[in-house]
Amino acid sequence: MASIERPRRRPPPDPVAVLRGHRAAVNDACFHPSLPLLFSGAADGELRAWDTASHRTASSVWAHAGTAGVYSVAAGAGLGNKIISQGRDGTCKCWVIEEAGLSRRPVLTIKTSTYHFCKMSLVKSPSFAHSVRSGSSCETSDVEPPREATEENTESHVVNPTEGSQEHGEGITSSGQNMMAIAGQESSQVELWDITSARKIISLPQSSSANAKDHPTKQKGLCMAVQAFIPYESAGYVNILSSYEDGSTLWWDVRKPGLPISSVKYHSESALSVAIDGSCNGGISGGADDKVVIFTLDHPKGAFTLRKEIELERPGIAGTTIRPDNKIAATAGWDHRIRVYNYNKGNALAVLKYHSDSCNAVTFSSDCKLMASCSTDTTVALWELYPPKPKAN
């Protein structure tokens, strides 16, 4: 009897472009929300801007000196024509995107005095509010942010947090567009900073309780990942998810800085990455163990709900991300692979095997058309995966 020939599964796609030029491991990458630019930061301190249309380097600066390197880069609608780089030299720097590329010097240097492996996080707002305010949802915005006067670009303003740190929990309401969360100088704390004034707004938990016996983070080890967001239910107050060395993730509301509003331990080893979705109602986390976790945030109860636990053949997830339309999630693995999932169902869609060394981060463009992955192999790969369907007129 003749055997039935089964259809072969379609092979995973190749990248549409590979960006080469870095001479060291690429630690992070991010797309600009409205310009055709991708930014990447490497372990030797180089920050590059790439043209996503021509796939060429638009400009490059040595952002963080010595062996510290660039550990994280971030751009957002609220920053306009600026981007933020974070180095392991204890500073975060703000750069202006000029006509010729990145400014040669930062317009602002924030001395955070943090030297950890935790990447910073800009504050995410629900995407429906985002689109009303800035037009940067999955419908592509062609509005270019205004260019800043060149005089401002010639000065580098260095601020030390001891010059007027404003540790307070009251009145922290804004769009969150000019705030960032980072692991604190005290390694188990999380700090929220105002980027415009380069001042620390608050530490979580508050310093006054840092030595208490019931300190909520002291026994959890280093803070390994943070994600700041403003859920619709929080009346404009920033919430933060922070993940720790012991595998736990805490949920903070700045109105209650003494204790987290909820805590879970989804990972058996260090939780290395956490990402919130576009609606700020759930997210995905990965760590040094062999699982990826998709969860929901129950805002009325202030609790995590496990939605899907995905077992991996090989341990180690360094980065996680969710596409702005909440349809696709992706992870960057130590095993050189990028894994792509249906975010709503939690099922695997593709395993991308281009990189030849550990993948450090993965990110989506704001129009949902491109994904970028970066690796210790010194390359950044661009992918076109499950592009969103164009809206009918």
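Keep in mind that the numbers below use all heavy atoms, side chains included, and drop hydrogens, waters and symmetry copies. On a predicted model such as this, the values are computed, not experimentally measured, just so you know. Residue numbers count from 1 along this sequence.
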| query | Hey, which of Val238, Ile240, Asp277, Leu241 is the one that makes side-chain contact (heavy atoms from CB on, under 4.5 Å) with Phe229? | reply | Leu241
| request: Give the C-alpha distance, both sets of side-chain angles, the deciding distance and a yes or no for side chain to side chain contact (heavy atoms under 4.5 Å, CB included) between Ser188 and Glu186. | output: CA-CA 6 Å; Ser188 61; Glu186 166 62 46; 3.5 Å; yes
| field | Minimum side-chain heavy-atom gap Leu312-Thr331 below 4.5 Å | value | no
| said: Quick check on the hydrophobic clustering: are Tyr266 and Ile276 connected, directly or via other members, by side-chain heavy-atom contacts under 4.5 Å? | reply: yes
| message | Let me confirm one number: the CE-CD1 distance from Met179 to Ile230, rounded to the nearest 0.5 Å. | response | 6.5 Å
| query | Taking ILVMFWY side chains as joined if any heavy atoms are under 4.5 angstrom apart, and letting links pass through other members, which residues group with Val351? | reply | none
| remark: Distance col, row Gln227:CD vs Ser285:OG, nearest 0.5 angstrom, shows 12.0 Å
| pair Val293-Lys308: side-chain heavy atoms closer than 4.5 Å | no
| task | Give the cluster check for Leu250 versus Leu192: same hydrophobic cluster or not, with ILVMFWY residues linked at side-chain heavy-atom distances below 4.5 Å. | result | yes
| request: Give the minimum heavy-atom separation between Pro257 and Ile202, together with the two atoms involved. | output: CB-CD1, 3.6 Å
| Are Trp95 and Leu35 in one and the same hydrophobic cluster, where Ile, Leu, Val, Met, Phe, Trp and Tyr link if side-chain heavy atoms are under 4.5 Å apart? | yes
| request: Answer yes or no: is there a donor N or O on one side and an acceptor on the other, between the side chain of Ser365 and the main chain of Phe31, under 3.5 Å? | output: no
| query | Do any N or O atoms from the side chain of Ser59 and from the backbone of Leu102 form a donor-acceptor pair under 3.5 angstrom? | reply | yes
| query | Under a 4.5 Å cut-off applied to non-hydrogen side-chain atoms, are Pro15 and Leu382 in contact? | reply | no
| query | Could you state the interatomic distance from SG (Cys223) to CD (Glu245), rounded to the nearest 0.5 Å? | reply | 10.5 Å
| query | Mind checking whether Val362 and Val340 have side chains closer than 4.5 Å, heavy atoms only? | reply | no
| Which atom pair, heavy atoms only, marks the closest approach of Ser242 to Val190? | CB-CG2, 3.5 Å
| said: Pairing donors with acceptors under 3.5 angstrom, does anything connect the side chains of Ser273 and Thr320? | reply: yes
| Closest heavy-atom contact between Tyr341 and Leu349? | C-CD1, 3.7 Å
| task | Run the numbers on Thr249 and Ser243 for side-chain hydrogen bond (donor to acceptor under 3.5 Å, both in side chains), then give the verdict. | result | CA-CA 4 Å; Thr249 298; Ser243 297; 2.9 Å; yes
| Does the side chain of Val226 reach to within under 4.5 Å of the side chain of Ile182, using non-hydrogen atoms? | no
| query | Between Arg307 and Ile284, is there a donor-acceptor pair closer than 3.5 Å when you use the side chain of the first and the backbone of the second? | reply | no
| Should Leu370 and Phe364 be regarded as members of a common hydrophobic cluster, given that ILVMFWY residues are connected when their side-chain heavy atoms come within less than 4.5 Å of each other, either directly or indirectly? | no
| message | How long is the straight-line distance from CD of Gln185 back to OH of Tyr115, given to the nearest 0.5 Å? | response | 8.0 Å
| task | Let me see the working for Leu19 and Ser40 under side chain to side chain contact (heavy atoms under 4.5 Å, CB included), right down to the final yes or no. | result | CA-CA 10 Å; Leu19 309 181; Ser40 58; over 6 Å; no
| Hey, what's the ring geometry for Phe117 with Tyr71, parallel, tilted or perpendicular (30° and 60° as the breaks)? | perpendicular
| task | Measure from the side-chain N and O atoms of Gln189 to the backbone N and O of Pro205, and report whether any donor-acceptor pair falls under 3.5 Å. | result | yes
| query | Taking all non-hydrogen atoms of both residues, which atom of Ala183 and which atom of Thr114 are closest, and how far apart? | reply | O-CG2, 3.0 Å
| request: Return yes if some donor-acceptor pair links the side-chain N/O of Ser121 with the main-chain N/O of Ala228 below 3.5 Å, else return no. | output: yes
| field | Any donor-acceptor N/O pair, Thr112 side chain to Gly90 backbone, under 3.5 Å | value | yes
| field | Backbone of Arg56 reached by a side-chain donor or acceptor of Asp51 within 3.5 Å | value | no
| field | Rounded distance (nearest 0.5 Å) linking atom CG of Asn81 with atom CD1 of Ile97 | value | 6.0 Å
| query | Which heavy atom of His355 sits nearest a heavy atom of Ser375, and at what distance? | reply | ND1-CB, 3.3 Å
| task | State, with a plain yes or no, whether a side-chain heavy atom of Lys220 is found less than 4.5 Å away from one of Ser263. | result | yes
| field | Residue pair Ser72 / Asp28, side-chain donor-acceptor N/O under 3.5 Å | value | yes
| said: Within this structure, what is the CG-CD distance for the pair Asp290 and Glu313, rounded to the nearest 0.5 Å? | reply: 10.5 Å
| Closest non-hydrogen atom pair between Ser248 and Ala271, with its separation | O-CB, 4.3 Å
| request: Report yes or no: does His32 contribute a side-chain atom to a donor-acceptor pair with the main-chain N or O of Ser34 at less than 3.5 Å? | output: yes
| request: Can you establish whether the number of heavy atoms outside Lys256 located under 6.0 Å from its atom NZ is more than 12? | output: no
| message | Test side chain to side chain contact (heavy atoms under 4.5 Å, CB included) on Thr321 and Met371; report intermediate values, then the result. | response | CA-CA 10 Å; Thr321 189; Met371 183 183 80; 5.7 Å; no
| field | Side-chain donor or acceptor of His64 paired with backbone N/O of Lys93 under 3.5 Å | value | no
| request: Determine whether Pro12 and Lys353 make a side-chain contact, defined as any pair of heavy atoms from C-beta on separated by less than 4.5 Å. | output: no
| query | Does Lys291 reach the main-chain N or O of Ser268 with its side chain, forming a donor-acceptor pair under 3.5 Å? | reply | no
| So do the side chains of Ile317 and Leu272 get within less than 4.5 Å of each other, counting heavy atoms only? | no
| field | Val73 with Trp62, same ILVMFWY side-chain cluster at under 4.5 Å | value | no
| task | Take Cys118 and Leu222 through the test side chain to side chain contact (heavy atoms under 4.5 Å, CB included) and record every step on the way to the result. | result | CA-CA 9 Å; Cys118 178; Leu222 295 173; over 6 Å; no
| request: Apply the ring pair (Phe, Tyr, Trp, His ring centres under 6.0 Å) test between Phe295 and each candidate in Phe304, Trp251, Tyr343; give the one that qualifies. | output: Phe304
